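So that the names make sense, note that chain A is the first sequence line, chain B the second, and so on, each numbered from 1. We use all heavy atoms of the structure for the numbers below, so side chains are in, but hydrogens, waters and symmetry mates are not. Everything quoted here is computed from the prediction, not taken from an experiment.
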Amino acid sequence: MGELRVLFEHRDVPGIERMDVYESVGGYQGLARAVTMSRADVIGEVKTSGLRGRGGAGFPTWIKWSGIPADQPTERYVVCNADEGEPGTFKDRELMLRLPHMVVEGLAIAGYATNSSTGYIYIRGEFLESARAVRRAIDEAYARGYLGESVCGSGHRFDLHVHMGAGSYECGEETALMSSLMGERGQPRAKPPHAPLPVISGLWQRPTLINNVETYATVPHILARGGAWYASMGTERSKGTKLFSVSGHVAKPGNYEIELGTPLEELIALAGGVVGGDLKAVIPGGSSVPILTAEQCRGVKLDYESCMAAGTMLGSGGFMAFNDRTDIVKLMHVTARFYAHESCGKCTPCREGTRWMYRIFQRITAGQGRPEDVDLLLSICNNIDGRSYCPLGDAASWPIRASIQRFREEYDYWIEHGRSPVGDDSVPGIG
Amino acid sequence: MAANGHSGGGDRPMDTVSGRFSPEAVAELEEIVSHYPDRRGAMLPALWIAQREYGGSLPAEAIKEVAERLGCPPVEVEGVASFYTMYNLGRRGRRHLEVCTCLTCAVLGAADTLRALEEKLGIKVGQTTPDGEFSLAEVECLNWCEAGTVVQVGGRYFGNVTPDKVDALVEQIRQIQDTEAVTQADQIVKVQLARRHDGTADG
C-alpha cells in the first residue's frame with residue numbers, strides 16, 4: 001500500500017500530452033487490443049478489473065457499460081463528465097492537462113465496447129487550459145486513426161466532440177449534465193424507479209454511458225495489461241489505484257495516486273504532513289462527504305468500504321486536511337454558502353433548505369446564534385436529505401450533520417459566547 | 001419571432017437572421033450544430049459565440065439572435081443564459097477578477113486577498129471601476145485547490161495569491177490588452193471546433 005502510479009506513471013515525462021510521446025510509452029495499446037476483442041470481452045475485462053466510478057459514487061463501471069443495449073438499431077452516446085466542480089478536487093483538471101490522450105483513449109474504448117459512434121466530453125467552462133490540451137489530443141487522435149470513421153482500422157466509427165460548460169456545479173450531476181448538453185438549464189431529471197437509467201434513456205432519449213474523466217483514463221491500462229492485473233491492486237472490494245487531490249494545511253498540496261486501501265495517515269505524509277499545527281479534521285472525498293475528527297482518522301484506510309465504516313465516504317478524492325487552528329463552524333459556514341449558491345432551484349427542500357442553513361450559519365458566526373439553532377440545522381438536514389431529484393441536497397446536509405455530531409462543542413461555544421472557540425484569525429472573512 | 005415550441009428542432013434558413021454574427025461566426029455555429037442531433041443542442045456553444053460577437057456580454061439582441069439561429073423562443077435562451085454564471089448578462093469590467101473563497105482557499109486566507117484587491121482597485125465585490133477596466137467578484141471552488149488562493153481572469157488562472165502579491169497581480173493583469181471576456185469566449189468556441197478551424201491549435 002502507498003503511492004502507486006498507474007495513471008500517473010508517465011505524468012512527469014516531458015511532452016506526454018502529445019501523441020508521439022504518449023505512444024512511445026505504450027499509449028493507445030489498450031485501444032489497439034480492445035478492437036481485436038468482442039465487445040462483450042472488452043466489458044468482461046473491465047468487470048474483471050473491479051473498476052468503480054471515480055467521480056464520487058463508486059458504482060461498478062462494468063455494470064453501466066453492460067447496461068447499454070449495444071445491438072438495438074439506435075444511436076448511442078458516450079459522455080465524459082469533465083465538469084469537475086467538487087470543492088477540494090482537482091484531479092480531472094490535471095489528468096486532462098497532462099494526460100489528455102489517456103482520456104481520449106478510454107473514451108474510444110468505451111465507444112467500441114458499447115457500439116456507440118458519438119462521444120462528448122463535457123468540460124467545465126473555466127478549464128480552458130485543460131480543454132485546449134484535450135482539443136489537441138482529439139485532433140491528433142483523428143490524424144492517427146484512433147478516432148473517426150474506422151477506429152484502429154476496426155470499421156467501428158467513433159466521433160468525439162468537446163462540449164464546454166458555462167459555470168454550474170450542478171452540471172457535474174449526470175442527469176443535469178445531460179440537460180445541459182442538450183442545451184437546457186443544468187437541472188437534474190427523474191431517476192429510477194420514476195424514470196429509466198441513462199444507459200437506457202439518456203441524451204435525446206437514447207442509451208447514454210456517462211463516466212468520470214478518471215474512470216475513462218483508467219480503462220486503457222486495464223485493456224493493455226488485463227483486468228486481473230488491475231484487480232491485483234487495492235482491497236477485496238476496492239480494486240486498483242485512485243487519484244487524491246490533497247489540499248488545505250499540508251506542506252505539499254497536489255495530486256497523489258495511491259493504492260486503494262492505503263492508510264489515510266500515509267497520504268498526509270506523502271503530502272508533506274500537516275502544517276501550522278496538529279491535525280484537527282479531514283474531509284477525505286470532497287466537500288460533500290462527512291468530516292472526520294483527527295481521532296477518527298487514526299487507522300482509517302482509503303477505500304470505499306473503510307471510509308464508509310469510518311462514517312464518511314471516499315467520494316471524488318478531494319482530500320482536505322485542517323490543522324487545529326481551524327474553526328469548524330466557520331468551515332461549515334463556507335460549505336453551507338457553497339451549496340446555497342449552487343442549488344439549481346428545482347427541488348424545494350434543497351433550494352429552500354440550503355438557504356435557510358446558510359442564513360443560520362451567518363447569524364451564528366455573527367455572534368447572534370440562538371440556543372435552538374443547532375437542532376434547527378439538524379432538522380433542516382433531515383428534511384433535505386433524500387428529498388430531491390439529485391444528490392446535491394444530500395451533499396449539502398451530510399457535512400453539516402456530521403460536523404454537528406463530531407464538533408458539537410464548537411457550535412455550543414459559538415452560540416454561548418458569540419465568538420470563535422479557536423480564535424478570530426481562523427478562516428478570515430467569516431464572522 | 002417564430003417559436004417552435006419546445007422541440008428545439010427548428011430549421012430556419014440562416015440568411016433571414018439579422019444580427020451581429022459575422023459570416024465566420026455563422027460557419028462556426030453551423031459546424032458545432034452538426035455535432036448534435038438537433039439545433040437546440042448547440043445552445044451553450046451558440047451563447048459562447050454570441051458573447052464573443054457582442055463584445056463580451058449578452059444583451060437582449062444577442063439572446064434574440066441566438067434564438068433565431070437555433071429556432072427556439074428567446075425566453076428559453078434567456079432562461080438558459082441566466083442559469084450559468086459564465087454568461088455575462090450584466091456589466092463587467094474589461095478585466096473581470098474572480099476570487100475563489102471556497103473551502104481550501106477560505107482557510108488559506110482568501111478573504112484577506114479579496115480585501116487587498118478591493119483596496120488596490122478601489123471597488124467592492126460586485127462593482128466595476130469607473131473607467132470600466134476592472135470588476136471584482138467572489139466565486140465558489142475553481143478546483144485548483146493546491147494553489148489556493150486562486151484568482152481567475154477570463155481564461156487565465158493565477159495561483160497562490162496572497163495579499164502581498166496583489167499589487168504585482170493587478171499590474172500583470174493591467175498589461176492584458178484584449179477584452180478578457182471576448183478572448184475567453186473565443187477560445188471556448190475554438191476548442192469545440194476541429195483543428196482545421198483552429199489557428200491557435202498549437203498555442
Proximal component of [X], with respect to chain B [non-hydrogen, under 4.5 Å]:
X: A:F322; answer: side chain
X: A:Y77; answer: side chain
X: A:S426; answer: neither
X: A:C344; answer: both

| said: For a 4.5 angstrom cut-off between non-hydrogen side-chain atoms, does A:S180 reach B:L44? | reply: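 Side-chain contact under 4.5 Å: yes.
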
| Flag side-chain contact, heavy atom, 4.5 Å: A:S168 against B:M86 |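 They are not in contact (no side-chain heavy atoms under 4.5 Å apart), so the answer is no.
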
Counting only N and O atoms by type, is there a donor-acceptor contact under 3.5 Å from the side chain of [X] to the main-chain atoms of [Y]?
X: B:Y84; Y: A:G125; value: no
X: A:R132; Y: B:V191; value: no
X: B:R40; Y: A:G183; value: yes

| query | Among B:L47, B:I32, B:V80, which has the most heavy-atom pairs under 4.5 Å with chain A? | reply |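 Ranked by contacts with chain A, first place is B:V80.
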
| query | So, for A:S247 and B:T104, which heavy atoms are closest and what is the spacing to 0.1 Å? | reply |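 Minimum heavy-atom separation between A:S247 and B:T104: OG-OG1, 2.8 Å.
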
| message | Using every non-hydrogen atom in the two residues, find where B:W48 and A:M164 come nearest and quote the distance to one decimal. | response |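 For B:W48 and A:M164, the tightest heavy-atom pair comes out as NE1-O, 4.1 Å.
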
Select, from [options], the one with the greatest count of heavy-atom pairs under 4.5 Å involving chain B.
options: A:G429, A:S245, A:G88; value: A:G88
options: A:R124, A:E170, A:K330, A:E140; value: A:R124
options: A:E184, A:M320, A:H341, A:R325; value: A:E184
options: A:A271, A:G318, A:G165; value: A:G165
options: A:H161, A:E342, A:M182; value: A:H161

Could you check whether atom [atom1] of [X] has more than 12 heavy atoms from other residues, nucleotides or ligands sitting under 6.0 Å from it?
X: B:E133; atom1: CD; value: yes
X: A:E129; atom1: CD; value: no
X: B:E119; atom1: CD; value: no

| request: Check the pair B:Y36, A:H163 against side-chain hydrogen bond (donor to acceptor under 3.5 Å, both in side chains), reporting the backbone distance first and the verdict last. | output: CA-CA 10 Å; B:Y36 306 91; A:H163 182 103; 2.5 Å; yes

Return the [atom1] to [atom2] distance between [X] and [Y], rounded to the nearest 0.5 Å.
X: B:L103; Y: A:T335; atom1: CG; atom2: OG1; result: 4.0 Å
X: A:R185; Y: B:S82; atom1: CZ; atom2: OG; result: 4.5 Å
X: A:I123; Y: B:Q192; atom1: CD1; atom2: CD; result: 8.5 Å

| query | Just checking, is any N or O donor in the side chain of A:Y120 or B:H35 under 3.5 Å from an acceptor N or O on the other one? | reply |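 Their side chains do not contain a donor-acceptor pair, so the 3.5 Å distance test is not met.
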
| Among residues 105-117 of chain B, which residues come closer than 4.5 Å to chain A, judged by heavy atom distances? |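 Against chain A, the residues of residues 105-117 of chain B that fall inside the cut-off (heavy atoms, under 4.5 Å) are B:A106, B:V107, B:L108, B:G109, B:A111, B:D112.
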
| query | Just checking heavy atoms, which of residues 138-169 of chain B are less than 4.5 Å from chain A? | reply |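 Expected list: B:E138, B:E140, B:C141, B:L142, B:N143, B:W144, B:C145, B:E146, B:Q152, B:G155, B:Y157.
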
| said: Set out, in order, the CA-CA distance, both residues' side-chain angles and the distance that settles side-chain contact (heavy atoms from CB on, under 4.5 Å) for B:T101 and A:V334, then state yes or no. | reply: CA-CA 8 Å; B:T101 58; A:V334 177; over 6 Å; no

